Amino acid sequence: MVNKTAIITGASKGIGKQMAKTFAENGYNLLINYNNSKKEAEELCQQLNSKGIIAYAYRADVSDRKQVDSMVEFCIKRFRNIDLLINNAGVAQSILFTDITQDDWKRMIDINLTGVFNCTQSVAKYMISEKKGKIINISSIWGMVGGSCEVHYSTVKAGIIGFTKALAKELGPSNIQVNSIAPGVIQTDMLKGLNDKDLEELKYDTPLMRLGTADDIAECALFLASDKADFITGQVISPNGGFVI
Ligand code: NAP
């Protein structure tokens, strides 16, 4: 058991929730961040607490720097240090480029990109002073190859990849590894706009002939967070079933 502390943003649902369970099973103390899904986050927290895991649910909108700083201070007060930050919180929107409004664009940038900046800058100062830490940023295959009808989403996810690479260079001398996971199509609420036919077509286009699960991503994150990945930094790993090669 590792006895380390992790902040996972957007851990009330989907990939973040599964990562919280996986990391808890592997000895991590957790701060489970959420924004709207209080009930889900608190239930998850209680479930983990009942198994003897130290976990707190904390509401903070990642796009709001003050809320993020309060969350990070709370984490430091409770756990004294932060070993791992997973920037997972995100929103998606499928829309024609010509229909994207200024508000849609701003919301996408604020949550998916400024959110990553806010959480990382707030946590980095503690990691730098400890001379260790790991940061994992959740991008997307669309950040690698671009997705039609998701121009703003693809833009921020590509931004996360640039952010990861640049920060890995800057924080490497402080013994902090910064990596990105770019998932393929993963079965979570994020896919709820797609009908059965769309999902079948996506499966058909995937060499491994299935959609991904939150567990596929959680296992990848667990590896990147482990000592086994100490020489890996600035990389993008894409668990996508071969959808993008
Ligand atoms: P999801 O089930 O919709 O979960 C999204 C999570 O993000 C929720 O816990 C939500 O919390 C949180 N969140 C949203 N806005 C937030 C904010 N302003 N502040 C804090 N938390 C916020 O989606 P998912 O599929 O698990 O996605 C997780 C990450 O994986 C996202 O970054 C997404 O872009 C990425 N991804 C997903 C897929 C996929 O196919 N599912 C593929 C590639 C990449 P509340 O509900 O509490 O607000």
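The analysis underlying the following values was restricted to heavy atoms, covering all of them including side chains, and did not include hydrogens, waters or symmetry mates. One-based numbering, in listed order, for ligands and for the atoms of each. These numbers come from a predicted model, not from an experiment.
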Q: Evaluate the salt bridge (charged side-chain N to carboxylate O under 4.0 Å, His left out) criterion for residues Lys21 and Glu25: first the C-alpha distance (whole Å), next the side-chain angles of each, then the deciding distance (0.1 Å), finally the verdict.
A: CA-CA 6 Å; Lys21 289 182 182 171; Glu25 279 164 14; over 6 Å; no

Q. Can Ala60 be said to touch ligand 1, with heavy atoms closer than 4.0 Å?
A. yes

Q: Indicate yes or no: does Lys203 engage Glu200 in a salt bridge with an N to O separation below 4.0 Å.
A: yes

Q) Is there a donor in the side chain of Ser238 and an acceptor in the side chain of Asn240, or the other way round, less than 3.5 Å apart? A) yes

Q) With no hydrogens and no angle check, do the side chains of Ser122 and Asp69 hold a donor and an acceptor under 3.5 Å apart? A) yes

Q. If you measure from the Lys or Arg side-chain nitrogens to the Asp or Glu carboxylate oxygens, is any gap between Lys38 and Glu42 under 4.0 Å?
A. yes

Q. Between Ile135 and Ile176, is any pair of side-chain heavy atoms under 4.5 Å apart?
A. yes

Q: Please report which non-hydrogen protein atom sits nearest to atom 46 (O) of ligand 1, along with the residue it belongs to and the distance in Å to one decimal place.
A: Ser37 OG, 2.6 Å

Q: Can you figure out which of Thr9, Asn87, Ile15, Asn88 has its heavy atom closest to atom 31 (C) of ligand 1?
A: Asn88

Q: Please indicate whether any nitrogen or oxygen in Ser63 is less than 3.5 Å from any nitrogen or oxygen in ligand 1.
A: no

**Q.** Nearest-neighbour protein heavy atom for atom 23 (O) of ligand 1, which is reported as residue plus atom name and distance
**A.** Met190 CE, 3.5 Å

Q: Would you tell me which option among Asp61, Asp64, Ile8 has the nearest heavy-atom contact to atom 18 (N) of ligand 1?
A: Asp61

Q.
Can you name the atoms of ligand 1, numbered from 1 with element, that are less than 4.0 Å from a heavy atom of Leu191?
A. 40 (O)

(Q) If we check side-chain hydrogen bond (donor to acceptor under 3.5 Å, both in side chains) with Arg59, which of these qualifies: Asn33, Asn36, Asn35? (A) Asn35

Q. Would you call Asp227 and Lys4 a salt bridge, taking side-chain N to carboxylate O under 4.0 Å as the test?
A. yes

Q) What's the shortest distance from atom 40 (O) of ligand 1 to any protein heavy atom, and which residue and atom give it? A) Ile186 N, 2.9 Å

Q) How does Thr188 reach ligand 1, if at all, at less than 4.0 Å between non-hydrogen atoms: by side chain, backbone, both, or neither? A) side chain

Q.
Under 4.0 Å between a side-chain nitrogen and a carboxylate oxygen: does that hold for Asp230 and Lys134?
A. yes

Q. Evaluating non-hydrogen atoms only, which member of Ser140, Ala92, Gly184 is closest to atom 42 (C) of ligand 1?
A. Gly184

Q | Atoms in ligand 1 with a heavy atom of Tyr34 nearer than 4.0 Å | A | 47 (O)

Q: Return the orientation label for the Phe79 and Tyr56 ring planes: parallel under 30°, perpendicular over 60°, tilted otherwise.
A: perpendicular

Q: List every atom of ligand 1 that sits less than 4.0 Å from any heavy atom of Asn33, numbering the atoms from 1 in the order shown and giving each element.
A: 20 (C), 21 (N)

Q: Starting from atom 48 (O) of ligand 1, locate the nearest protein heavy atom and write down its residue, its atom name and how far away it is, to 0.1 Å.
A: Asn36 N, 2.9 Å

Q. Leu211 pairs by side-chain contact (heavy atoms from CB on, under 4.5 Å) with which of Ile186, Asp216, Val185, Thr188?
A. Val185

(Q) Nearest 0.5 Å, please: how far is CD1 in Ile111 from CG in Asp64? (A) 11.5 Å

Q) Can an N or O of Val62 be found at a distance shorter than 3.5 Å from an N or O of ligand 1? A) yes

Q) Looking only at atom types and distance, does a side-chain atom of Thr120 sit under 3.5 Å from a main-chain N or O of Phe117, one as donor and one as acceptor? A) no

Q: Show the numbers, then the answer: is there a salt bridge (charged side-chain N to carboxylate O under 4.0 Å, His left out) between Glu73 and Lys77?
A: CA-CA 6 Å; Glu73 278 163 31; Lys77 274 195 193 121; 5.1 Å; no

Q. What protein heavy atom sits nearest atom 10 (C) of ligand 1, and how far off is it?
A. Ser12 OG, 4.0 Å

Q | Any Trp142 heavy atom less than 4.0 Å to ligand 1 | A | no

Q. At what distance is the nearest protein heavy atom to atom 21 (N) of ligand 1, and which residue and atom is it?
A. Ala89 CB, 3.4 Å

**Q.** ligand 1 to Asn35 polar contact by distance, N or O atoms, under 3.5 Å
**A.** yes

Q | Numbered atoms of ligand 1 (with element) below 4.0 Å of Tyr153, judged on heavy atoms | A | 33 (C), 34 (O), 35 (C), 36 (N), 43 (C), 44 (C)

Q) So, is Gly10 polar-close to ligand 1, with some N/O to N/O distance under 3.5 Å? A) yes

Q: Would you mind finding which of Ser139, Gly90, Ala20, Gly14 brings a heavy atom closest to atom 7 (O) of ligand 1?
A: Gly90

Q.
With respect to Ile141, determine whether any N or O atom, backbone or side chain, lies less than 3.5 Å from an N or O atom of ligand 1.
A. no

Q.
Does the residue Lys157 have a heavy-atom contact with ligand 1, meaning some pair of atoms that are separated by less than 4.0 Å?
A. yes

